[in-house]
Amino acid sequence: MSASQSNPPQGLGAWQRLAILAKPRTGTPARATSRSRRLGPVLVDYSKQALDDEVFEALAELAAESKLPRAIGELFAGARINNTEDRPVQHTLLRAPAGACPKEVAAERERFLTVADAVRCGQRRGYTGKPFETVIVIGIGGSQLGPELVVDALRPPHAPDVRFLANIDGDAAVRTLAGLDPATTLVIVVSKSFTTLETRVNAETTRSWFLERTCETGIVEEHFLAVTANQAAAAEFGIPPGNRFAMWDWVGGRFSMWSAAGLPIAIALGRGCFEDLLAGAHGVDDHFRETAPKDNIPVLLALLAIWNTNFHGTATHAVLPYDRRLRLLPSYLQQLEMESNGKSVRRDGDAVRTHTAPVVWGGEETNGQHAFHQLLLQGTRAFSADFVAVARAGHDLKDHHDWLLANCLAQSKAMSEGRAADGPLGSHRSVAGGQPSTTVLLDELTPRSLGALLALYEHKVFCLGSIWQINPFDQWGVELGKELAGEIHDELTSGGSQGAGNDASTAGLLTQVRRAR
Ligand code: F6P
């Protein structure tokens, strides 16, 4: 019997102590100075979390009893901690400076940054000799969410037009390609496996789009790049070696934006910005590896999540960016947190028997206040939230930014403190409060601060997996949907035996779809 089998999280002394401490806590929140941590341009303020010193101590004990420092050591030492796929997890190497990462990582980085430079300055051109004006990035999930978030957040006004095509919905392909000139369009297919349905179909559709418009047989060689761990499949698609970049099996898809999967970032923002993004993340890696649990920000973020999820019954976690540039952060964190830790089986195959990742969701800025914040303020559900704001605006409209930040602080204050019932309609106007939130405040949004922010969340997810004793680096559940979609697609397109092996609902729906078509 392994150590984890004999000692699941619930068996730890600190876990049991937390269970005793987990009673509704009211009263004055602790002073912000004692409830925040800063790392460079990132301030993490957790003063509005419902925890006092005793809880904090017990959470720190939980980190120690969960052997978190040892797990962090194993991560950086390259142990094969992705046990179900028998792989190490080494995305941190991708953001280490040239002298501190393997030669092939540094060489590949230089290779794709050189291509990015050449595309940006117009030295690399399309088949007619015109410079590229549009880059279509075909990829989904981890091959898209991080790069798209960074490009969307930091893209300067006159940057190359970089568009992401992820979904299998043909409408996405039609809209992405609409109005484009093949002569000035570059395509990057990003897929670790190069077998993902959406990416494969979108890549084929895009290749046909080129061929129909140019009759140039060599078009794929000149206009398509690939980033993949499956070099053979990319070669078969027609992409020559010079246009192919590596992904390694020791980097999970949702941790891959620091690799050549970040090529779209480098094209949109430039080499310097991409290097700054890596540097911001690398600074967090150093902090994570070297800092004691009590001051270690990813560890703290994970412990707060444990406190809320496992001891306060919060089933959802809202990500509330108060900066338009971060509007894609909720989708990115959804994959990072839910695909990593949305599991009910421990590393050793036993049931977890406690809640794991909450449902992560969110929405941007004051738009959300006029949509779903009503429930956050007066609904019946417990939740936790991360407010993410930027102190210095990326524009000159000071008045807007003052109002934006005031609203951000007002919302976390309202959710925390609430309002007593008094006056006419007292009970209708009252707000219970006591909803825990953390505010992450960036001094300004730069490649460095964004890199740091994303790495903090990556490591938070790792810590949660360690405490729950699950493997955050696989995603077996996703496979079932893929398999079933294949079978149902066969039935839908072949006209074969309807409903074979299907439940009554699916068989009935298939029949209806066929009739309607
Ligand atoms: O959704 C499952 C998944 O495997 C993700 O983990 C991954 O980010 C995404 O599909 C895309 O995979 P690939 O990069 O292999 O196309």
Side-chain angles (χ1 to χ4, degrees), residues 134-152 161-182 185-213 220 223-228 233-234 237 253-254 256-257 261 264 268 327-336 338-339 342 359-364 475 477-495 502 505-517:
T134 307
V135 178
I136 299 178
V137 186
I138 300 177
I140 195 164
S143 295
Q144 164 241 343
L145 290 162
E148 187 170 12
L149 160 64
V150 176
V151 169
D152 190 63
D161 176 13
V162 178
R163 306 177 179 190
F164 289 81
L165 174 54
N167 203 325
I168 190 68
D169 187 337
D171 192 53
V174 169
R175 286 176 192 231
T176 303
L177 294 166
L180 294 183
D181 176 0
T185 301
L186 178 71
V187 180
I188 310 175
V189 183
V190 186
S191 177
K192 184 176 169 186
S193 61
F194 223 83
T195 58
T196 302
L197 170 78
E198 293 87 339
T199 303
R200 197 168 40 77
V201 173
N202 279 324
E204 281 161 10
T205 299
T206 306
R207 181 174 56 187
S208 304
W209 178 86
F210 270 95
L211 292 173
E212 281 158 17
R213 279 157 186 78
V220 173
H223 284 246
F224 278 67
L225 309 178
V227 182
T228 184
F237 185 85
R254 54 193 172 273
S256 66
M257 58 179 276
R327 72 198 171 102
L328 298 181
L329 186 64
S331 322
Y332 167 81
L333 289 180
Q334 248 171 1
Q335 191 208 21
L336 182 64
M338 293 167 77
E339 193 164 83
V359 173
V360 175
W361 62 286
E364 71 187 284
Q475 56 281 320
V478 180
E479 298 307 317
L480 175 60
K482 291 182 187 172
E483 284 163 27
L484 293 179
E487 290 167 16
I488 293 173
H489 179 266
D490 286 349
E491 287 181 45
L492 192 62
T493 52
S494 69
N502 275 327
S505 165
T506 308
L509 285 166
L510 265 170
T511 306
Q512 295 297 335
V513 169
R514 284 187 154 150
R515 271 194 203 137
R517 302 211 302 184

Exercise. How are the rings of Phe237 and Phe194 set relative to one another: parallel (under 30°), tilted (30 to 60°) or perpendicular (over 60°)?
Worked result: perpendicular
For this session: Could you tell me whether the side chain of Asp152 reaches within less than 4.5 Å of the side chain of Phe164, counting heavy atoms only?
Result: no
Exercise. What's the shortest heavy-atom distance between His223 and Leu186, and which atoms?
Worked result: O-CD1, 3.6 Å
For this session: Answer whether the closest heavy-atom distance between the side chains of Asn167 and Glu198 falls below 4.5 Å.
Result: no
Exercise. Can you name the closest pair of heavy atoms from Met338 and Val360 and give their distance?
Worked result: SD-N, 3.3 Å
Problem set entry | Where Ile138 and Thr199 come nearest, the two heavy atoms and their spacing | CG2-O, 3.7 Å
For this session: Compare all side-chain heavy atoms of Met257 with those of Leu149 and state whether any distance is below 4.5 angstrom.
Result: no
Exercise. Taking all atoms of both residues into account, what is the closest heavy-atom pair of Val189 and Ala203, and its distance?
Worked result: CG2-CB, 4.2 Å
Exercise. Is there side-chain contact between Thr206 and Phe210, with heavy atoms separated by less than 4.5 Å?
Worked result: yes
Exercise. Going from CG on Leu333 to CH2 on Trp361, what distance comes out if it is rounded to the nearest 0.5 angstrom?
Worked result: 14.0 Å
Problem set entry | Heavy-atom closest contact (Ala173 atom, Asn202 atom, distance) | CB-OD1, 3.9 Å
Exercise. Hey, is the main chain of Thr511 close enough, under 3.5 Å, to the side chain of Arg515 for a donor-acceptor pair?
Worked result: no
Seminar exercise, completed: Between Pro264 and Val151, the two heavy atoms sitting closest are O-CG2, 3.9 Å
Seminar exercise, completed: Rounded to the nearest 0.5 angstrom, the CD1-OG distance for Ile188 and Ser143 is 12.0 Å
Exercise. Within the distance-only criterion (no hydrogens, no angle test), does the side chain of Arg327 pair as donor or acceptor with the backbone N or O of Glu364 below 3.5 angstrom?
Worked result: no
Exercise. Is any side-chain heavy atom of Leu492 closer than 4.5 Å to a side-chain heavy atom of Arg517?
Worked result: yes
Problem set entry | Lys482 side chain near Leu197 side chain, heavy-atom distance below 4.5 Å | no
